[in-house]
K.L.:
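Okay, here's the structure, questions in a sec.
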Protein chains: 2
Amino acid sequence: MTSSPASDKRQHVVETAYGLFKRAGFHATGIDRIIAEADVAKMTMYRHFPSKDELIVEVLDYRARRFARQLDRLAEEVATPGQKIAKIFDWHQRWFRSPDFHGCLFAHALAEFGDPEHPVFKAVARQKNGLKKRMQLILEEEMPRGRAESVAAVLLMLIEGATLLAQMGQADTAIRDARKAALDIIAASRRPR
Amino acid sequence: MTSSPASDKRQHVVETAYGLFKRAGFHATGIDRIIAEADVAKMTMYRHFPSKDELIVEVLDYRARRFARQLDRLAEEVATPGQKIAKIFDWHQRWFRSPDFHGCLFAHALAEFGDPEHPVFKAVARQKNGLKKRMQLILEEEMPRGRAESVAAVLLMLIEGATLLAQMGQADTAIRDARKAALDIIAASRRPR
DNA sequence: AAGTGGTGAAACAGGTCTGTCTCATATCTA
DNA sequence: TAGATATGAGACAGACCTGTTTCACCACTT
């Protein structure tokens with residue numbers, strides 16, 4: 001079985017496309033550009049992905065899995081909900097500082113694929129709702145479910161807003177203010193023990 | 001002087017382009033589509049705007065002026081900073097509920113034009129920084145300048161995040177939670193009188 | 001009456017887009 | 001050895017993209 005080299009090509013296309021989509025956007029990045037950068041024949045790409053849209057979905061899902069895995073690891077390092085949430089904000093701080101930060105790929109996808117029925121839109125919704133749910137579950141440890149859901153929504157909004165401000169060159173102050181606001185909100189919502 | 005009909009055509013192109021950009025995005029909307037929808041000759045468009053990019057900038061600036069005017073009016077209706085900020089959130093609630101809400105055009109522009117040197121990027125930064133500054137000036141009435149700037153940044157993040165969640169079908173809960181969080185933060189930062 | 005400026009219609013150029021098709025090649029399995 | 005599978009290279013189709021050019025028209029001003 002030659003399944004490893006096959007998957008390698010496939011994965012290589014996904015990662016190359018990710019880099020291009022991130023820098024130039026989805027519509028502005030052509031198939032020809034992707035296969036040239038990945039050094040792969042066009043048919044190789046179309047054999048793995050039936051269309052560009054499905055490649056985009058694959059890129060998004062791939063990044064979503066990676067992101068979830070990283071947050072899983074971070075959550076294991078600390079104990080309290082407040083610390084776990086703080087870790088998530090710290091992760092974003094490091095992300096904003098990384099050399100080729102270009103904003104949130106999922107938010108960008110939402111901008112270019114606004115139809116709620118489009119597979120790309122649904123992939124974005126999956127990722128964002130997943131992050132919200134993750135934070136909600138963390139918070140439920142020390143507040144009622146309904147309250148945890150509202151707080152998780154606010155934290156998600158802070159993160160999304162901070163990411164947008166970071167893309168506009170205000171990364172440091174944005175994530176610092178967002179983190180502080182987040183922890184204040186959690187402290188105020190905490191169930192007394 | 002026939003300057004009025006000239007301006008009429010120009011403005012009509014801007015408004016038509018706005019509707020299309022909002023629904024389909026910038027790169028996905030072609031010039032041909034715009035002039036067809038606006039029922040205008042291609043040369044008429046290119047006489048008013050040297051390029052598509054400059055048309056995009058004009059559309060963004062036009063919407064930014066409109067938005068600022070509406071907030072100006074709302075601010076006159078009430079007295080305290082808290083009320084003025086609440087009015088801004090209420091405005092967003094109405095926006096999210098409007099029949100053809102498609103998310104924030106400026107955020108979408110940022111997704112498609114990520115180069116900080118690009119005129120479109122700069123137009124987005126102008127609008128977002130303008131909104132932040134507006135809220136900061138409101139807040140300075142009852143808190144120190146540094147604090148007002150941080151709170152304004154947090155409010156902006158809440159608004160941007162709420163807009164993104166609204167586009168994903170969570171308009172009502174998002175704006176409600178964001179508004180409550182915003183007013184709590186302002187109350188906690190208020191300078192004692 | 002002559003001129004001026006905005007406009008319309010449509011062809012055109014040169015490029016890019018997604019996706020298909022064909023044919024040759026390399027590698028691994030049975 | 002024969003066959004299956006993945007790939008490479010590139011031509012190709014048909015549509016769409018931005019922006020330019022040309023010519024005619026119409027309304028208004030002087």
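Every chain is numbered from 1 and lettered A, B, ... according to where its sequence line falls, protein lines coming before strand lines. A quick note: this is a predicted structure, and the numbers were derived from the prediction, not measured.
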K.L.:
Using the test ring-ring contact (aromatic ring centres under 6.0 Å, His included), find all partners of A:Phe121 that sit at least two apart in sequence or belong to another chain.
P.N.:
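ring-ring contact (aromatic ring centres under 6.0 Å, His included) list for A:Phe121, sorted by chain: empty.
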K.L.:
Quick one: ring-ring contact (aromatic ring centres under 6.0 Å, His included) partners of A:His27, sequence neighbours excluded?
P.N.:
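Listed in chain order: A:Phe113.
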K.L.:
Within residues 23-38 of chain A, which residues have any heavy atom lying less than 4.0 Å from an atom of DNA chain C?
P.N.:
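Output list: A:Thr29, A:Gly30, A:Ile31, A:Asp32.
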K.L.:
Can you list everything that forms a ring-ring contact (aromatic ring centres under 6.0 Å, His included) with B:Tyr62? Sequence neighbours excluded, please.
P.N.:
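In terms of ring-ring contact (aromatic ring centres under 6.0 Å, His included), with neighbours along the sequence ignored, B:Tyr62 is linked to no residue.
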K.L.:
Of all residues at least two apart in sequence or in a different chain, which pass the side chain to side chain contact (heavy atoms under 4.5 Å, CB included) check with A:Glu58?
P.N.:
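By the side chain to side chain contact (heavy atoms under 4.5 Å, CB included) rule, A:Glu58 matches A:Arg10, A:Val14, A:Phe49, A:Arg65.
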K.L.:
Got a sec, which residues hit side chain to side chain contact (heavy atoms under 4.5 Å, CB included) with B:Lys52, two or more places apart in sequence or on another chain?
P.N.:
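If we apply the side chain to side chain contact (heavy atoms under 4.5 Å, CB included) test to B:Lys52, skipping adjacent residues, the hits are B:Phe21, B:Ile31, B:Ile56.
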K.L.:
With respect to the side chain of B:Arg47, which nucleotide from C:dT7, C:dG8, D:dT18 is positioned closest?
P.N.:
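Of all the options, the side chain of B:Arg47 is nearest to C:dT7.
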K.L.:
Does D:dA6 have its OP1 or OP2 closer than 4.0 Å to a side-chain nitrogen or oxygen of A:Thr44?
P.N.:
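So the side chain of A:Thr44 is outside the cut-off, no N or O lying under 4.0 Å from OP1 or OP2 of D:dA6.
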K.L.:
Between atom NZ in B:Lys52 and atom C1' in D:dG19, what is the gap in whole Å?
P.N.:
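Rounded to whole Å, this separation is 12 Å.
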K.L.:
Whole angstrom is fine here: how far is it from CZ in A:Phe49 over to C1' in C:dG19?
P.N.:
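Rounded to the whole Å, the gap is 16 Å.
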K.L.:
Whether A:His48 contacts D:dT7 is assessed here as follows: a side-chain N or O lying under 4.0 Å from the phosphate OP1 or OP2. Is that the case?
P.N.:
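Yes.
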K.L.:
Could you pull out all residues at least two apart from B:Lys87 that satisfy side chain to side chain contact (heavy atoms under 4.5 Å, CB included)?
P.N.:
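Side chain to side chain contact (heavy atoms under 4.5 Å, CB included) list for B:Lys87, sorted by chain: B:Leu74, B:Glu77, B:Val78.
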K.L.:
Starting at CD of A:Glu54 and ending at C1' of C:dG19, how long is that distance when rounded to a whole Å?
P.N.:
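Going from A:Glu54 (CD) to C:dG19 (C1'), I get 13 Å.
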K.L.:
Between N or O atoms, less than 3.5 Å apart, protein on one side and nucleotides 12-14 of chain C on the other: list the pairs.
P.N.:
none

K.L.:
What is the distance from CE of B:Met43 to P of D:dT20, rounded to the nearest Å?
P.N.:
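My rounded result for the distance is 8 Å.
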K.L.:
Whole angstrom is fine here: how far is it from CZ in A:Arg10 over to P in D:dT5?
P.N.:
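It is 18 Å, rounded to the nearest whole Å.
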K.L.:
Does this structure show an ion pair linking B:Glu37 with B:Arg33, if we count only N-O contacts that are shorter than 4.0 Å?
P.N.:
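Salt bridge present between B:Glu37 and B:Arg33.
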K.L.:
Of the nucleotides D:dT22, C:dT20, D:dT7, which one has an atom closest to the side chain of A:Lys9?
P.N.:
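Ranking D:dT22, C:dT20, D:dT7 by closest atom to the A:Lys9 side chain puts D:dT7 first.
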K.L.:
Taking only residues two or more places apart in sequence, or in another chain, which ones meet A:Ala109 in a side chain to side chain contact (heavy atoms under 4.5 Å, CB included)?
P.N.:
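Listed in chain order: A:Phe26, A:Leu60, A:Val120, A:Val124.
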K.L.:
May I have the distance from A:His12 (atom NE2) to D:dT7 (atom C1'), rounded to whole angstrom?
P.N.:
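Result: 15 Å.
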K.L.:
Compare the minimum distances between each of D:dG19, C:dG8, D:dG8 and the side chain of B:Ala41, then state the nucleotide with the smallest one.
P.N.:
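The listed nucleotide nearest to B:Ala41's side chain is C:dG8.
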K.L.:
May I ask you to establish whether B:Arg63 and B:Tyr18 are in a cation-pi arrangement, using a distance under 6.0 Å from NZ or CZ to the six-membered ring centre and at most 45° from the ring axis?
P.N.:
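Yes, B:Arg63 lies over the aromatic ring of B:Tyr18.
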K.L.:
Can you identify which nucleotide, out of D:dT7, C:dT7, C:dG19, has its nearest atom closest to the A:Ser51 side chain?
P.N.:
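Nearest to the side chain of A:Ser51 among the choices is C:dG19.
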K.L.:
I need the OH-C1' distance between B:Tyr46 and C:dA10, as an integer number of Å.
P.N.:
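B:Tyr46 atom OH is separated from C:dA10 atom C1' by 15 Å.
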K.L.:
Expressed in angstrom and rounded to an integer, what is the separation of B:Asp39 atom CG from C:dG6 atom C1'?
P.N.:
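About 16 Å, once rounded to whole Å.
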